[in-house]
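Encoded as structure tokens, the structure appears first; notes follow it.
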Amino acid sequence: MREKNTDLNTKCVHEGELPIDQYKSAVSPLYFSTAFDYQDQHLDQYPRYFNTPNQIGLNQKIAALDHCESGLVFASGMAAITSTLLGLLSAGDHMVIQNSIYGGTYNFVANHLKDFGIQHDFTAGLNADDFAQKIKPNTKIIYIESPSNPLLEIVDFKAIVARAHQSNILVIIDSTMGSPVNQLPAQYGVDVIIHSATKYMSGHSDILAGTIACSKALRDRIAKRAKMLGGNLSDLTVWLLDRSIKTMGLRVDAQNKNAMIMATWLEAQPQVDRVFYPGLTSHPDHVLAQSQMCGFGGVVSFELSKNLSAVSFLNHLKLIKRASSFAGVESTAVIPALTSHSLLTSEQRAALGISDQLIRFSVGIESAEELQNDIAQAF
Ligand SMILES: *Cc1c(COP(=O)(O)O)cnc(C)c1O
């Protein structure tokens with residue numbers, strides 16, 4: 001497994017701190033102003049331009065955490081994704097996009113991008129060859145998501161980047177499931193790293209936000225469009241997200257450990273047919289995951305055996321909450337066939353390997369023993 005960066009927690013706590021104010025506070029102050037002196041500033045400062053003091057601080061923290069030159073913080077993961085695609089693509093361009101992808105991204109690419117004259121092709125699978133096969137002369141972007149949701153499949157960063165850069169194609173990743181704690185795609189040459197900060201960065205299921213990290217040149221192209229789209233995050237939430245990220249390293253480490261314990265335990269239960277977790281040697285992408293990740297995350301998916309009702313199982317959980325999001329400190333579970341993937345037909349779901357018995361379990365930081373007891377009584 002890859003080595004974890006030793007300075008991660010220091011960055012989580014201190015990176016992007018604002019200059020010491022007159023009161024010498026230990027925590028950065030919150031500037032709630034929408035108006036700034038224009039004469040002293042070389043920047044035109046305004047919240048929608050992503051350049052208020054608190055935004056500048058958090059943008060810098062995101063860049064440092066994802067090992068990139070620049071960062072930008074958005075009002076949601078979808079604001080980050082749509083602003084990035086509309087910032088980097090123009091009419092006549094083509095993008096290649098992974099078939100198993102977050103539902104909102106799928107919808108935007110499949111149903112909205114064509115209104116801007118932008119073409120796309122979804123891949124047939126997740127191997128580098130599946131992406132290469134869809135490249136056209138006007139392809140400008142390859143878009144990946146790894147680990148994928150809900151089956152935790154892994155995409156090979158090195159192979160995809162090598163193929164894309166041969167043809168001057170940018171690689172964009174939705175790295176939400178990995179988090180900056182568990183993977184650093186920029187170290188493999190991935191050009192734009194996107195997170196729904198609603199998940200591990202927030203970690204408490206109480207903030208909606210998104211981030212991107214990339215070179216300064218790409219950041220400027222994306223920001224030019226993003227300033228018009230108006231998807232910035234309010235400064236109060238910027239300040240709260242900055243606070244949440246201070247404990248991200250600790251939280252995600254605890255979730256990595258708990259998820260590994262739960263995945264191993266679930267694999268041994270007769271009521272479970274199959275467990276999907278990249279940390280298990282039984283996972284088809286385990287070796288690849290080990291080579292490019294330093295932790296496997298808090299999400300474990302599993303298939304209940306056929307004689308159990310998935311809905312009844314979820315209704316009988318007491319400690320683990322039924323909830324559609326993931327990555328919070330509290331454990332949650334969801335049936336993808338009834339939620340995130342309910343708009344697909346059962347044939348389409350079957351083609352993606354998502355059965356009606358599949359449970360996506362987001363493991364929090366509670367005691368693993370109590371989580372096991374809860375699942376055992378719900379069986
Ligand atoms: C949640 C999520 C998004 C969308 O983020 P929002 O903050 O809800 O807009 C995008 N990608 C992935 C992988 C997600 O889990």
Side-chain angles (χ1 to χ4, degrees), residues 58 62 66 71-86 95 97-113 122 126 141 143-155 157 171-183 185 190 192-213 222 226 229-234 237-238 240-241 244-245 248 252 255 259 276 278 293 296-301 323-328 332-334 336 339-343 352 354 360-364:
L58 188 53
I62 299 304
D66 272 326
L72 280 178
V73 177
F74 289 84
S76 68
M78 281 309 297
I81 292 166
T82 53
S83 300
T84 299
L85 292 178
L86 292 175
M95 75 184 281
I97 177 161
Q98 186 173 321
N99 63 354
S100 51
I101 202 93
Y102 177 73
T105 313
Y106 182 92
N107 189 0
F108 181 67
V109 170
N111 302 320
H112 294 255
L113 273 187
F122 284 98
L126 271 68
I141 283 173
Y143 188 102
I144 62 177
E145 189 175 306
S146 181
S148 73
N149 179 17
L151 296 180
L152 293 312
E153 296 155 292
I154 308 295
V155 179
F157 300 158
V171 181
I172 301 179
I173 184 172
D174 182 333
S175 193
T176 302
M177 275 272 191
S179 88
V181 182
N182 287 333
Q183 66 188 18
V190 175
V192 183
I193 324 295
I194 300 181
H195 296 278
S196 166
T198 311
K199 315 295 163 49
Y200 290 107
M201 288 195 188
S202 148
H204 297 75
S205 308
D206 55 8
I207 288 173
L208 188 80
T211 66
I212 67 160
I222 295 166
L229 296 172
N232 63 283
L233 188 62
S234 111
T237 319
V238 166
L240 286 170
L241 179 58
S244 295
I245 292 175
M248 179 174 65
V252 175
Q255 289 175 287
F276 301 85
M293 301 181 80
F296 304 111
V299 176
V300 178
S301 292
S324 54
S325 201
F326 66 90
T332 59
V334 75
T339 54
S340 55
H341 293 73
S342 63
L343 294 180
L352 290 172
I354 299 167
R360 189 191 71 194
F361 176 27
S362 173
V363 185

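Atoms within a ligand are numbered from 1 in the order they appear, just like the ligands themselves.
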Beyond-backbone contact of Thr82 with His112, side-chain heavy atoms, under 4.5 angstrom:
no
A side-chain contact here means heavy atoms from C-beta on lying under 4.5 Å apart; do Thr176 and Tyr102 qualify?
no
Between ligand 1 and the protein, which N/O pairs are shorter than 3.5 Å?
{"residue": "ligand 1", "atom": "5 (O)", "partner": "Ser196", "partner atom": "OG", "Å": "2.9"}
{"residue": "ligand 1", "atom": "7 (O)", "partner": "Gly77", "partner atom": "N", "Å": "2.9"}
{"residue": "ligand 1", "atom": "7 (O)", "partner": "Ser196", "partner atom": "OG", "Å": "2.9"}
{"residue": "ligand 1", "atom": "7 (O)", "partner": "Thr198", "partner atom": "OG1", "Å": "2.6"}
{"residue": "ligand 1", "atom": "9 (O)", "partner": "Gly77", "partner atom": "N", "Å": "3.0"}
{"residue": "ligand 1", "atom": "9 (O)", "partner": "Met78", "partner atom": "N", "Å": "2.9"}
{"residue": "ligand 1", "atom": "11 (N)", "partner": "Asp174", "partner atom": "OD2", "Å": "2.6"}
{"residue": "ligand 1", "atom": "15 (O)", "partner": "Lys199", "partner atom": "NZ", "Å": "2.6"}

Of Val299, Leu151, Leu152, which meets side chain to side chain contact (heavy atoms under 4.5 Å, CB included) against Pro278?
Leu152
Under the side chain to side chain contact (heavy atoms under 4.5 Å, CB included) test against Ile62, which residue among Ile212, Ile245, Ile193 passes?
Ile245
Ser148 side chain vs Glu153 backbone, donor-acceptor pair below 3.5 Å:
yes
Quick check for you: to the nearest 0.5 Å, what is the distance between Ile194 atom CD1 and Glu145 atom CD?
10.0 Å
